[in-house]
Structure formats: C-alpha cells, structure tokens
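Worksheet for the structure shown next.
Chain identifiers are assigned alphabetically (A, B, ...) following the order of the sequence lines, protein sequences preceding nucleic acid strands; residue numbering begins at 1 within each chain. Keep in mind it's a predicted model, so treat the numbers as computed, not measured. Every heavy atom of this structure was used, including side-chain atoms; hydrogens, water molecules and symmetry mates were not.
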Amino acid sequence: MSDNNSTPVTATDFIRNIIREDLASGKHQQIVTRFPPEPNGHLHIGHAKSIHLNFGVAKEFSGKCFMRFDDTNPVKEDEQYVEGILKDVRWLGYDWGKSQTHASDYFEQLYEFAEELIQKGKAYVESLNAEEIREFRGSLTEAGKNSPYRERSVEENLALFRKMREGEYEDGSLVLRAKIDMSSPNINLRDPVLYRIRKVSHQRTADKWCIYPLYDFTHGLSDSLEGVTHSLCTLEFEDHRPLYNWILAEVSAPCLPRQIEFSRLNLRYSVLSKRRLIQLVEEGHVEGWDDPRMLTLSGLRRRGYPASAVRLFCERIGISKSANNIEMNVLEDCAREELDKTAPRAMAVLKPLKVVITNYPENQTEEFEPARHPKNPEMGTRKVPFSREIYIDQDDFREDPPPKYFRLSPGKEVRLRYAYVIRCDEVIYENDKVVELRCTYDKATRSGAKAEGRKVKGIIHWVSTQHAVTTEIRLYDRLFSAPNPGRNDPEGNFINDLNPESVEIISDCKAEPELSTANPEDVFQFERVGYFCVDAKDSRPDALVFNRTVTLRDTWAKLEQEHSGQN
RNA sequence: UGGGGCGUAGCCAAGUGGUAAGGCAUCGGGUUUUGAUCCCGUGAUUCGCAGGUUCGAUCCCUGCCGCCCCAGCCA
C-alpha cells in the first residue's frame, strides 16, 4: 500500500495467531517473511494471495519481507520474467525496499553447505541415472532400496562433487543426494537429490556454475540466510517440511525458520496453474499473459481492476488450510466496491438507437452539468450537451414491454438522466427492425426543476448524436463456462470448457464528449451499465478502446431472467 | 491398500470443554434522477457420520466416510 500508516491487525487466521504467539513469547523480536516466485512465468491472483499474506503480515507486525527470486533452474527461467514480476508486485502496492534477493546470490554458500553435508557423511554422489534412481525409490506403498553408491567414502564424495563443480562430468551423469532413509514412508526423505549437473548458462550467474541446487536444498537455506522467521508456503509442500527441517539441522545454518503451509487459491470458472496459463497463451486462446480475461495481475490490471480491489479480495477470502473454491462474484464484487468509490461517472451507449425529439428546436443545444460522482463532490462536474437527436441503448426500449419494465416503450415515458422526461410517440422501422424513435419532451421536467405529479419510474442514459464520441468497447466475461474447467473431461482437458462468449467487441459505441480526453487505464462508471477502463495497449486518443471491467449489479436482468426461466 | 493434510450455512471463514464471530451470496424492506450505491432486517437447535468420556463436546477419545497432496536430476 502506498500509505505509510500501519495497517491495523484485524485479520485473524492461524498464521497470524502463530506469529502473535511467537512475538508475545519473545521467540522473535521481529518477524521476517519472503515472497519467493520462480522467474518462469507471470504472477496471477493466486500469487496475490501469497504476496498479500507475506508482505501484509510483515507490515502489520512491523517486520520485513524479502522479495526473493527462486532461480535455481536456469533451463526453465528467464530474466524477462523478473521485471514483469517486480512490476506486478509493485502495482499490487508492495515495497520490498532493498530486500530484493535471488537464490542464486547464495550459490557459493549453498555449495559450502553441501560440502559440509558430505563431510558429515550426510550426502553422497550418486552414479545411478535418473531412471535407476526412480526405480530404487520404491513406490507409495513399497520402501525404496539403497543405492550401491550410497556408501562411498567422504573423500571420494568430496572429490567427485568438486569435479562436478569443475565441469568434468556430463549433464545427468551424477547428482548429489542427501543420505536420509530409503525406506521412509515420506518419499521426500528417500535420499532426495540436492544438486544436478546442468551445463547451461544461468540468467544471473552466467557460466560460473554447471551444477545447480534443487528447491528442497535451496529454499530452507535461503530462508535461513535471510533470517526468515516464518516461511509461508502452500499445502503441497507440507510433505517437504521434514526435509526442510532436516537440512537446516544438519548444516550450520544461521537460524531455523518455521515453515507453515496454507491452502492455495481456487476460483470457480477459472484456471490458475502456471502450466494451464501457459497453455492458454501458447495455444492462442487468449492474446497473451495480459489478456483482460486472464486472472494474471497484468490481465486484471488491463481489465481495469484497481490494485485495491485485488487486495480487498485477498482480505475477503482469508487464509486457512482447507480446500476452497471461491465464487467468481467475490472477485467481481471487490472491483465494484472499489470502483464505486473512485470511478468518475459518464454516459455511454453501447448499442445505439436513434431518438428524435420532435418538439425540441432543430438547432438548439443545451448543456447539463452533472457531478462526476454522486457522493464525492470534490471530483467536480462535467458538461453533457443535449440536442434534438440523441442515442439511447437498444436495451432501454421494448416494443412489447414485459411486466415491470420501467424503460421506454410506445406511448410510455422515461426520464433521460440529468435531462428531460420524454414520451415515445412513434417507432420507425426499416425491414421490420426498429431504427428510430420519435419522441416528445416535456420542458417543465428539466433536471433540477420541480415537476410535481411527474413520477417517472424509469431513468435511462443517452448521448447527443452530434456531440458523441465513437468508441470501441470490449465486453469481457469469464473465460470459462464451467465452474471447474476440465473437471468433467476424462483427460482433464480444460480447453473444451472455454467460454465462447468471453469477449464481445462492439465498435460503434457512443460516449459523452467528456470521455474524449480519457487516458490509458482511466476507469469510468458508464452509468447504469458497468465499469470500463481505457485499454492500455490498443486505445488511441482518436480511437478510444474501453474494456469492461465488470457490470453493475443488475437486479432487473435477474428479475427478467427469472421470469423467462419460468416460461 | 504407505505417508501427509482437510471436512463449521450456497461460497469463504473465526471459534472454544459451557451452549456457533464476520464477510460474500440469497431473500425481504427503506432511501435514491444510475433497476447502481447506501441503510435496515434475514439463515446453523447445529459444526462429515457413528459411538464413547463428561453435569455439559463443534472443541477430548475411538471407529468410519468423503475430498486433496506426494513416487521430477520442477518449484
């Protein structure tokens, strides 16, 4: 968050409870956390949960949070992701100060720890190949077997390991393994691999190394080196905790952080695994990582979600260890809540229907000056021109109105927001299609004037045709049409569950002139319709493009749907 | 059928041996020149199931059921 006020500690979850106890008992004077992404993809809303937890907790308890890149696998990682990740975390509102680190910063120390393990007879160089290692590992129900190389002498192991570092062996020919217990019921303890040979250049250390440590060896030691007190990660690492603790106990690690696991985020009608996100991008189902339908941070941003809405979302879903499947409307509602407070209002007609006000003078124009925000006068006012010809939305007219339809229909009246009450006198057709409405206005009903006895229930938005700005609007909806994409496919193929209507582009929308000066990422509430932001990539001053962030709540649509559902 | 977890309202989620917070959704009602916002009200005789301990159990014990994770030289 950009403000410097300390956030009150209001959230209560099992992790914060542990931290409070550790602080109260004096176990820790200051808490230290870390957010450790691997630079091999972009951040999504699931990462936001972790960022919000790690940075949030550090801030709440006046601690510190490291921004650490877990870059131990150069074949998968790329420096280009680092920049994107940093940008996303910053956008979300977090600041790591000078505490940006890389696991690769510790390669030399990690190597020393590995030698220490060897010296203690707690690690050995393995000559079995990958397939043999797998076979020797046993299965979920069968114990593994000791490798024939398990009892190599310390001297031999040391010599071999040093030569591994020197580059004397080929990729995959040798690995360093921890010597723990091949019959452990926890497979992670069956002599896990600690180092492998990869003669590839690392994005940061270049060709300095040809052996790289694996996650289990690296993570706890990096935590320890940074003085992390609480190492927060997701549930799938629970089984790794004994190994995490084993490594820290066996070497002279500076401190012993406590790993605590929480459940990862699942959101209905979406996929969040990195693998699936990559597939969506690579197979072209979306435009890219920042496609507004993607729940990546860059996608949400481009969609128009303010960072505060994402933070609010993280706040609402909480932290626990139980499996969860959050309803999409929770996310959407967070956007509404934040945007309602901050978005200036404007009128825009998505699907224009021409209306001629027959009793309004031909060449007359007048201006209304409504507030930009109904509850926030500091946001000022805007000028909205009115004239004889206007556009209204096709949705706001029905030839044959259903019950409780408050909008325009033949012979009926509505109020034009901020302007006059009009009555529909005539409907003009062209090939059986309604193309124009002829209406008359009542001058006495001018906005602000007293017009007693005129109770017009319906209020619709409009735009003066001669003053309108033509824009493109992209109506986005959820990317998937199934609550759990891939769930009902035998192969788990989630592509079939893509929502074919996740985007509708309409190119001739009409907006009030005020919008002509809008800048990329500006968000507006198009009154009665929804929240829209200026697309950061495709919009140009003379050819505006808006993305729909989220619709307004629409009780009428709900009502109508219920009625039609009954028929 | 090895190991590790989880199971409190539609969706999240606190909680404790003493009689079930809160949020979102829902459904009512009020305000409103956005069918928006806002405001008020609304749901668990019950905490996966079955036993047991106890004056008393969601919380302790036993058994059962369901779901998730683990056999990368990925993280």
Side-chain angles (χ1 to χ4, degrees), chain A residues 10-14 17 36-38 40 70-73 75-77 126 128-130 133-135 137-144 171-177 183-190 192-198 211-212 214-216 218-219 233-242 261 263 268 274 313 315-331 333-334 336-337 340-341 345 347 370 373-375 404-407 415-419 421 445 447-448 456-461 525-530 551-560:
Chain A
T10 48
T12 164
D13 55 65
F14 75 103
N17 288 343
E38 182 185 14
N40 69 342
D70 218 338
D71 56 350
T72 57
N73 188 357
V75 323
K76 284 192 172 179
E77 296 150 8
E126 174 66 274
L128 255 26
N129 66 33
I133 289 176
R134 190 183 339 116
E135 283 163 12
R137 186 148 38 219
S139 72
L140 293 180
T141 51
E142 297 165 289
D171 283 17
S173 57
L174 254 33
V175 291
L176 182 73
R177 288 233 251 176
S183 63
S184 171
N186 182 343
I187 290 178
N188 294 299
L189 263 19
R190 317 239 265 230
V193 173
L194 269 20
Y195 268 88
R196 77 293 224 186
I197 301 170
R198 286 286 177 278
I211 58 172
Y212 294 96
L214 276 88
Y215 169 85
D216 285 309
T218 310
H219 205 88
C233 63
T234 44
L235 248 31
E236 66 271 27
F237 292 103
E238 211 151 16
D239 286 344
H240 294 242
R241 187 168 7 111
E261 311 85 11
S263 53
R268 286 188 178 177
K274 210 176 267 181
F313 174 75
E315 208 67 50
R316 280 195 181 159
I317 58 176
I319 295 290
S320 75
K321 295 187 71 157
S322 40
N324 57 74
N325 207 192
I326 311 290
E327 292 173 340
M328 191 58 104
N329 74 291
V330 177
L331 211 213
D333 194 66
C334 289
R336 292 192 185 100
E337 182 163 328
D340 175 63
K341 291 187 289 195
R345 314 283 125 127
M347 292 197 288
H373 189 109
K375 291 181 183 172
K404 293 192 179 161
Y405 185 80
F406 302 151
R407 284 108 98 149
R415 160 146 241 130
L416 295 176
R417 184 150 167 83
Y418 304 127
V421 171
T445 61
S447 194
V456 180
K457 183 100 177 162
I459 298 156
I460 64 174
H461 54 99
Q525 184 199 94
F526 289 172
E527 300 195 70
R528 303 207 313 127
V529 182
T551 62
L552 248 34
R553 275 203 195 86
D554 192 346
T555 52
W556 163 246
K558 203 185 291 177
L559 245 183
E560 196 180 24

NA contact type, [X], heavy-atom cut-off 4.0 Å: base, sugar-phosphate, or nothing?
X	result
A/Thr72	sugar-phosphate
A/Gln525	base
A/Arg198	base
A/Thr555	sugar-phosphate
A/Ile133	base

Looking only at side-chain atoms of [X], point me to the closest of [options].
X	options	value
A/Arg196	B/A36, B/A75, B/A13	B/A75
A/Glu38	B/U34, B/A75, B/C73	B/A75
A/Tyr405	B/A36, B/G5, B/G35	B/G35
A/Asn17	B/C74, B/G15, B/A36	B/G15
A/Asn73	B/G2, B/G15, B/A75	B/A75
A/Glu238	B/A36, B/C12, B/G4	B/G4
A/Pro374	B/U33, B/U34, B/C73	B/U34

[X]: side-chain hydrogen bond (donor to acceptor under 3.5 Å, both in side chains) partners, not counting sequence neighbours:
X	result
A/Glu337	A/Arg316
A/Asp340	A/Arg345
A/Ser173	none

Could you say whether A/Glu142 or A/Phe406 is positioned toward the 5' end of RNA chain B, judged by the nucleotide with the nearest heavy atom to each? A/Glu142
Between A/Val193 and A/Glu527, who's closer to the 5' end of RNA chain B by nearest nucleotide? A/Glu527
Using the [atom1] atoms only, state how far [M] lies from [N], rounded to an integer number of Å.
N	M	atom1	value
B/C59	B/U19	C1'	12 Å
B/U26	B/A9	C1'	11 Å
B/G51	B/C38	P	47 Å
B/G66	B/G48	C1'	7 Å
B/C68	B/C73	C1'	27 Å
B/C39	B/A20	C1'	27 Å
B/A44	B/G10	C1'	13 Å
B/U42	B/C24	C1'	15 Å

Which protein N or O atoms sit under 3.5 Å from an N or O of nucleotides 67-71 of chain B?
unit_1, atom_1, unit_2, atom_2, d
B/A71, O2', A/Arg137, NE, 3.2

Mind checking what makes ring pair (Phe, Tyr, Trp, His ring centres under 6.0 Å) contact with A/His373, not counting sequence neighbours? none
For A/His219, give me all partners under ring pair (Phe, Tyr, Trp, His ring centres under 6.0 Å), at least two apart in sequence or on another chain. A/Tyr215
Calculate the interatomic distance between [X] atom [atom1] and [N] atom [atom2]; express it in whole Å.
X	N	atom1	atom2	value
A/Arg407	B/U34	CZ	P	13 Å
A/Arg417	B/A36	CZ	P	12 Å
A/Phe14	B/C12	CZ	C1'	15 Å
A/Asn325	B/A13	CG	P	11 Å
A/Glu261	B/G4	CD	P	13 Å
A/Glu315	B/C11	CD	P	22 Å
A/Arg241	B/G4	CZ	P	11 Å
A/Leu128	B/G72	CG	P	14 Å

With sequence neighbours excluded, what pairs up with [X] under the salt bridge (Lys or Arg N to Asp or Glu O under 4.0 Å) test?
X	answer
A/Glu135	none
A/Arg528	A/Asp396
A/Arg417	A/Glu527

So, do [X] and [Y] sit near enough that their side-chain heavy atoms are less than 4.5 Å apart?
X	Y	answer
A/His240	A/Asn186	no
A/Leu176	A/Val193	no
A/Val529	A/Leu552	no

Could you tell me which non-hydrogen atom of A/Asp13 sits nearest to which non-hydrogen atom of A/Ile319, and how far apart they are? CB-O, 3.6 Å
Can you see which heavy atom on A/Trp556 is nearest to which on A/Lys404, and at what distance? CZ3-O, 3.6 Å
Face-to-face contact A/Trp556 to B/G35 six-ring, under 5.5 Å, under 30°: yes
Would you state whether a donor and an acceptor, one from the side chain of A/Thr141 and one from the base of B/U1, lie under 3.5 Å apart? no
In this structure, which stretches of RNA chain B are paired as stems of three or more consecutive Watson-Crick or G-U pairs, both distances less than 3.5 Å? B:2-7 with B:65-70, B:10-12 with B:22-24, B:27-30 with B:38-41, B:48-52 with B:60-64
If the cut-off is 4.0 Å, is [X] near the phosphate of [N], judged by side-chain N/O to OP1 or OP2?
X	N	result
A/Arg336	B/U34	no
A/Arg528	B/G35	yes
A/Ser263	B/G5	no
A/Thr12	B/A21	no

Scan nucleotides 22-29 of chain B against the protein and return all N/O pairs shorter than 3.5 Å with their distances rounded to 0.1 Å.
unit_1, atom_1, unit_2, atom_2, d
B/C24, O2', A/Asn329, ND2, 3.4
B/A25, OP1, A/Asp333, OD1, 3.3
B/A25, OP1, A/Arg553, NH2, 2.6
B/U26, OP1, A/Lys558, NZ, 2.5

Please name all residues satisfying side-chain contact (heavy atoms from CB on, under 4.5 Å) with A/Ile133, sequence neighbours left out, ordered by chain then number. A/Glu126, A/Leu128, A/Arg137, A/Val175, A/Arg177
Chi-angle category of B/G72 [syn within 90° of 0, anti beyond]: syn
Looking at A/Lys76 and A/Glu38, is there a salt bridge between them, counting it only when a charged N and a carboxylate O are closer than 4.0 Å? no
